[in-house]
Asks: 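Sending over a structure as structure tokens; questions will come in a sec.
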There are 2 protein chains.
Amino acid sequence: MSIQTRRERERAERERLIVTAARELAEAEGWDAVTTRRLAAEIEYSQPVLYSHFKGKDAIMAAVAVQGFEELSGQLHAARTSAPSPREALAAVGRAYADFGERRPALYDAMFTLAVDLPFARPETPAPLRAAFDELRLAVTPLATGDDDPGVLTETVWSGLHGLLTLMRSGRLRRDQHDRRLALLIDRFCPPEK
Amino acid sequence: MSIQTRRERERAERERLIVTAARELAEAEGWDAVTTRRLAAEIEYSQPVLYSHFKGKDAIMAAVAVQGFEELSGQLHAARTSAPSPREALAAVGRAYADFGERRPALYDAMFTLAVDLPFARPETPAPLRAAFDELRLAVTPLATGDDDPGVLTETVWSGLHGLLTLMRSGRLRRDQHDRRLALLIDRFCPPEK
DNA sequence: CAGTGATGCTAGCACTGCTAGTCATTCTGT
DNA sequence: ACAGAATGACTAGCAGTGCTAGCATCACTG
């Protein structure tokens, strides 16, 4: 029994090792540098070992993405709960989201642009994904007006943030205007001040 | 002289053939199906011919993207000018933009997510790109309030639309709520009704 | 101690974007 | 009109990709 469990433990550990190595390599040199050969060399195992843990490269990226969601939800939570008002909470969460995308571009891509085999907005959505989305929702809903559906509203704000990030990161938006765009977006999703 | 010009004409024609073939192949089967071998077979020339016209695959995709911008700006223009009021013009342009992204996903990706060697928001930005952005700006600016900078405002609306499209198309947003999100986004960028 | 199953390995497949070098065709200068 | 130059498309190949079949070695069981 003990041997079995040790095996499983070692196996789980190696799986974590793979995910961590993939993540670090991606953050350091971008996803293009994360090839199965390179990753195998990094963990000091042969290439096919990866496939005994994951179905393929996509699955490894999905696992990295889940780690990313954990980190993101933590940062959104911190930003939200340390703001004095709902208005400032939304602004802080928006900034935290944008900062995350800027500081961890590879991670962000795995979460929001590349890997597709993660189920979003579904019953089987992994917990970290839910948690991150919930943080956003908790920041958005206090500012909902009238008959806005909280889910739809949150998705729309999220889309705005995502669009700002991706278009800027791909060189399609002027970087020096980023803060103004971000402030403008958030402002438009706050009810008019009285 | 005439022979020279005929040569150049044939060459230009073949270049158009390449771009068209790449575009049609991408629209039919996605960019993954557009390999240099496949594309060469499609135009009934050998592979290296592509490299006598374009620096590489990216350049071909960029050329396809430029075609996409021409089409997009035409559709945005039609939507904008056939609307009776600025408010409805913006809504129509938003819908036209979203429709374009839905109907021509491969083209949209070449324009807004993949190819990077196109200069955006710069002095040397190709005309079709400018035209498309201008259409958006012409729809957005009439609804600007106070001290909004038109350029920044347009970029922000654009980002919102882009985020909605990309997140939905990658399966991260519920498809059935698309219209509500789009309406909500547009609404937030219209000044409060009197 | 022989047999059995798990496990990580080497080798290789089919494919990618891209390029070097060859060869036929066409144009140029005398 | 003909030798020489140059253009241009081709075949073949390189270095790399994700992934897999099959083998050899090891740890454990009866």
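Lettering follows sequence order; numbering is per chain, from 1.
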Asks: Assess, by modelled atom type and distance only, whether the side chains of A:R80 and A:Q75 contain a donor and an acceptor separated by less than 3.5 Å.
Replies: no
Asks: When you measure from every atom of DNA chain D, which of residues 59-66 of chain B have a heavy atom less than 4.0 Å away?
Replies: none
Asks: Just list the side-chain donor-acceptor pairs under 3.5 Å for residues 106-113 of chain A, sequence neighbours left out, or say none.
Replies:
from   : atom 1 : to     : atom 2 : distance (Å)
A:Y108 : OH     : A:Y97  : OH     : 2.7
A:Y108 : OH     : A:H162 : ND1    : 2.7
A:D109 : OD1    : A:T113 : OG1    : 3.1
A:D109 : OD1    : A:R169 : NH1    : 3.4
A:D109 : OD1    : A:R169 : NH2    : 3.2
A:D109 : OD2    : A:R169 : NH2    : 2.9
A:T113 : OG1    : A:D109 : O      : 3.0

Asks: Which residues, if any, of residues 18-30 of chain B bring a heavy atom under 4.0 Å of DNA chain C?
Replies: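 Those residues whose heavy atoms fall under 4.0 Å from DNA chain C, taken from residues 18-30 of chain B, amount to none.
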Asks: For a quick check under 3.5 Å, do B:S85 and B:R87 share a side-chain donor-acceptor pair by atom type?
Replies: no
Asks: Using a distance-only test with no angle check, is there a side-chain donor-acceptor pair under 3.5 angstrom linking A:Q177 and A:R174?
Replies: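 Absent: no donor and acceptor within the cut-off.
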Asks: Can you list everything that forms a ring-ring contact (aromatic ring centres under 6.0 Å, His included) with A:F54? Sequence neighbours excluded, please.
Replies: none
Asks: Does the protein touch nucleotides 8-19 of chain C at the base, only the backbone, or not at all? Give it as B, S and - per nucleotide, heavy atoms under 4.0 Å.
Replies: SBB-B---BBBB
Asks: Nearest 0.5 Å please: distance from the OG1 atom of A:T35 over to the CG atom of A:L25.
Replies: 7.5 Å
Asks: Using distance only, find each side-chain donor-acceptor pair of residues 44-51 of chain B under 3.5 Å and give its atom names and separation, not counting sequence neighbours.
Replies:
from  : atom 1 : to    : atom 2 : distance (Å)
B:Q47 : NE2    : B:T36 : OG1    : 2.7

Asks: Using a strict threshold of under 4.0 Å (side-chain N to carboxylate O), is an ion pair present between A:E155 and B:R172?
Replies: no
Asks: Is the closest basic N to carboxylate O distance between B:E42 and B:R37 below 4.0 Å?
Replies: no
